[in-house]
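Have a look at the structure below before the remarks.
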Amino acid sequence: MLTAVAVLLVSTWYLRSFVVVGPSMAQTIMGAHHRLACGACGFEFCCGADGPEMPGRQAICPNCGAAGPRLDTAPRQAADAIVVDRGAFLPRSPRRWELAAFHSPEHASQVYVKRVVGLPGEAIELRHGDVFANGAMQRKNLAELRTIAVPVYDSRYEQDSSAARWQPDSVRSGWRRNGSRYGYIAGAGNRPTIDWLTYHHRRLRSSGEAEESAVLDEMGYNQESPVIESHYVRDLLVSCRLEIANSPVVNWSLTDGISQFLMELDFARGEAGVTQDGRPLGRGQFQAAAEASVLFELAVCDQQVLAALDGRPLLTLPYRTPDVPFRPTSRPVAVGMRNGGLELSDLTLWRDVYYGSPPGKPPGWQARLADDEYFVLGDNSAASLDSRAWPTAGVAASDFVGKPVLAYPCGMDKSGQERRIQVPSWRRFRYIQ
């Protein structure tokens, strides 16, 4: 439940290295874990290995739901080590949504790593998985969402057509599947209505049969210690590569379980427009193209619609949530065409982190931070001990050690334990945010 860290290497003043312990920041940084590949779909994933494992328990693929190898016999991978920039917070204060290393409020000799979500003087509240400060929703931009987004389903690992989760709405549809790609046949005729290709989310029941279900805040990493409570997720991100021809108009439908959002991408005019429940929400412009290959991203997150083409922001549209009941759906996103040519590849659905409510706290509980305190949470919210549970929720500014900037896997000895003295492989370093 902790992401405590222990001193790893001899420190310089500016840089210091630590070894990660615990699952609370997975999969941004990880403690000891198993790295597995699904035998059914080929998807690679990690499961925590910090504690005792149930004999005979099989890993479940978070992508397709198939049962995989036994966790108690799977090879154990060493924890990540991180490099902390101790000078990062000298010229400035920690920012919302960035990683920070700090001395534990409960055990001053330990150093924890979490993500800053609340700033000094704020009253922090968690509602439906989102962060509110002084009553206002705290929104992430698309770059920040990418950093912590959890994969829900990757079409590159679909097993066969019968298991494909992207399905045409009609048997007379112009959509065709070719491996992990989906194409819309140009010349299939101008259609009076939009021809939709819809995502169907599925989960495996204990009987082994698949059933449609709304997206939950499940995480494949947490199979070592099953999470008792799950929550429906409202904030989703879809990404794919668009191969366009004949200046198409591409339509997208996305819902947060309360409102329905429709986006129209007109590649002939270079215009994008979004409606919320049939009412105009906003418009944007991009470079028109008759034929192109572009990376497209569309998200409904933190009560805003976000879109980007080739990594460049296209739209950022905050919206008001109507006062209607939340209705989770197993079909939250769809792409539609009337004519023109389109092929989709690398089609992936992601979800935002769902920050669970503080354990044992009443609804509406708030953490009121002092003028020198910060509220911090783990990326793996269901397995994180953080500001939600500490007697004093805030972390004092004086307790911050620095900003984690690099991570790399530790080496292990023949017994499967992390070596006391680490010799890092510079080729395996990765930048973390």
Side-chain angles (χ1 to χ4, degrees), residues 141-143 145-146 153-156 158 161 164-199 236-255 260-276 278-300 304-317 332-350:
N141 59 36
L142 195 53
L145 176 58
R146 291 187 197 109
Y153 189 72
D154 191 331
S155 67
R156 292 175 296 178
E158 287 181 340
S161 57
R165 297 192 185 180
W166 291 88
Q167 296 284 348
D169 283 2
S170 168
V171 294
R172 301 176 62 185
S173 172
W175 288 101
R176 299 292 185 271
R177 180 175 181 265
N178 181 15
S180 63
R181 292 173 174 262
Y182 292 84
Y184 186 79
I185 299 177
N190 293 333
R191 298 175 184 269
T193 58
I194 298 174
D195 189 355
W196 292 105
L197 179 73
T198 301
Y199 174 77
L236 298 172
L237 163 68
V238 60
S239 65
C240 65
R241 180 154 293 279
L242 303 178
E243 306 282 349
I244 65 168
N246 304 323
S247 302
V249 176
V250 184
N251 300 272
W252 289 88
S253 171
L254 194 58
T255 181
Q260 190 74 35
F261 301 91
L262 294 178
M263 182 180 198
E264 183 180 271
L265 279 172
D266 189 330
F267 282 91
R269 297 182 178 181
E271 294 181 351
V274 178
T275 63
Q276 177 187 6
R279 296 181 295 273
L281 184 62
R283 303 192 66 83
Q285 294 184 325
F286 59 96
Q287 186 175 355
E291 297 185 2
S293 173
V294 295
L295 173 65
F296 176 71
E297 297 167 287
L298 175 64
V300 170
Q304 59 184 338
V305 177
L306 304 168
L309 289 172
D310 285 333
R312 296 185 295 272
L314 173 60
L315 290 171
T316 300
L317 302 173
V333 60
V335 55
M337 297 283 288
R338 281 196 179 97
N339 50 48
L342 177 68
E343 186 175 70
L344 305 174
S345 60
D346 301 337
L347 191 52
T348 306
L349 185 66
W350 312 73

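- When the ring pair (Phe, Tyr, Trp, His ring centres under 6.0 Å) test is applied to Trp196, no partner is found at least two apart in sequence or on another chain.
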_Run Arg176 and Asn178 through side-chain contact (heavy atoms from CB on, under 4.5 Å) and show every step you take._
CA-CA 7 Å; Arg176 299 292 185 271; Asn178 181 15; over 6 Å; no
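- Between the side chain of Asp310 and the main chain of Arg312, no donor-acceptor pair closer than 3.5 Å is present.
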*Dump the intermediate steps for side-chain contact (heavy atoms from CB on, under 4.5 Å) on Val294 and Phe286, then the final yes or no.*
CA-CA 12 Å; Val294 295; Phe286 59 96; over 6 Å; no
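- The line from CD of Glu297 to CG of Leu306 is 10.0 Å long, rounded to the nearest 0.5 Å.
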side-chain hydrogen bond (donor to acceptor under 3.5 Å, both in side chains) assessment of Ser293 paired with Glu243
CA-CA 5 Å; Ser293 173; Glu243 306 282 349; 3.0 Å; yes
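- Open room surrounds CD on Gln285; 12 or fewer heavy atoms of other groups in view lie less than 6.0 Å from it.
- Looking at Val300 and Thr255, their side chains never come closer than 4.5 Å, going by heavy atoms from C-beta outward.
- Here the CG-CG distance, from Asn246 to Asn339, works out to 9.0 Å after rounding to the nearest 0.5 Å.
- Distance check: Ser155 OG to Arg181 CZ gives 10.0 Å after rounding to the nearest 0.5 Å.
- When every heavy atom of Ala299 is checked against every heavy atom of Leu142, the shortest pair comes out as CB-CD1, 4.4 Å.
- Separation of atoms CG (Leu295) and OG (Ser345) is listed at 9.5 Å; rounding is to 0.5 Å.
- The two residues Ala308 and Arg146 make their nearest non-hydrogen contact at CB-NH2, 4.2 Å.
- Of the possible donor and acceptor atoms, one in the side chain of Tyr184 sits under 3.5 Å from a partner among the backbone N and O of Arg338.
- Looking only at distances, no side-chain donor or acceptor of Arg279 sits under 3.5 Å from a matching main-chain atom of Leu281.
- With sequence neighbours excluded, no residue satisfies side-chain hydrogen bond (donor to acceptor under 3.5 Å, both in side chains) with Gln304.
- The OG1 atom of Thr275 lies 11.0 Å from the CG atom of Leu317; values are rounded to the nearest 0.5 Å.
- Without hydrogens or angle criteria, Thr198 side chain to Asp169 main chain gives no donor-acceptor distance under 3.5 Å.
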| query | Going through the distances and angles, do Leu254 and Leu298 end up as a side-chain contact (heavy atoms from CB on, under 4.5 Å)? | reply | CA-CA 9 Å; Leu254 194 58; Leu298 175 64; 4.0 Å; yes
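- The closest side-chain heavy-atom distance from Phe296 to Leu309 is below 4.5 Å.
- Contact annotation: the side chain of Tyr182 never approaches that of Val335 to less than 4.5 Å [non-hydrogen atoms, C-beta and beyond].
- Within the 4.5 Å cutoff, side-chain heavy atoms of Leu265 are placed close to those of Leu314.
- Judged by distance alone, the side chain of Asp266 and the main-chain N or O of Ala268 form a donor-acceptor pair under 3.5 Å.
- Environment of CZ in Arg283: crowded, with over 12 heavy atoms of neighbouring residues, nucleotides or ligands closer than 6.0 Å.
- Counting heavy atoms from C-beta on, the side chains of Leu344 and Leu242 come closer than 4.5 Å.
- Between Met263 and Val305, every side-chain heavy-atom pair lies at or beyond the 4.5 Å cut-off.
- With hydrogens and angles ignored, the 3.5 Å screen pairs a side-chain donor or acceptor of Trp175 with a backbone N or O of Asp195.
- Leu197 contributes atom CG, which lies 10.5 Å from atom CZ of Arg177 (distance to the nearest 0.5 angstrom).
- Looking at heavy atoms from C-beta onward, Asp346 lies out of side-chain contact with Cys240 at the 4.5 angstrom threshold.
- The two residues Gly341 and Pro248 come nearest to each other via the heavy atoms O-CG, 3.6 Å.
- Using a 4.5 Å heavy-atom cutoff, the side chains of Met337 and Val250 are in contact.
- Shown here for Leu315 and Ala272, the closest heavy-atom pair between the two residues is CD1-CB, 4.3 Å.
- Residues Ser239 and Trp350 share a closest heavy-atom pair of OG-NE1, 3.2 Å.
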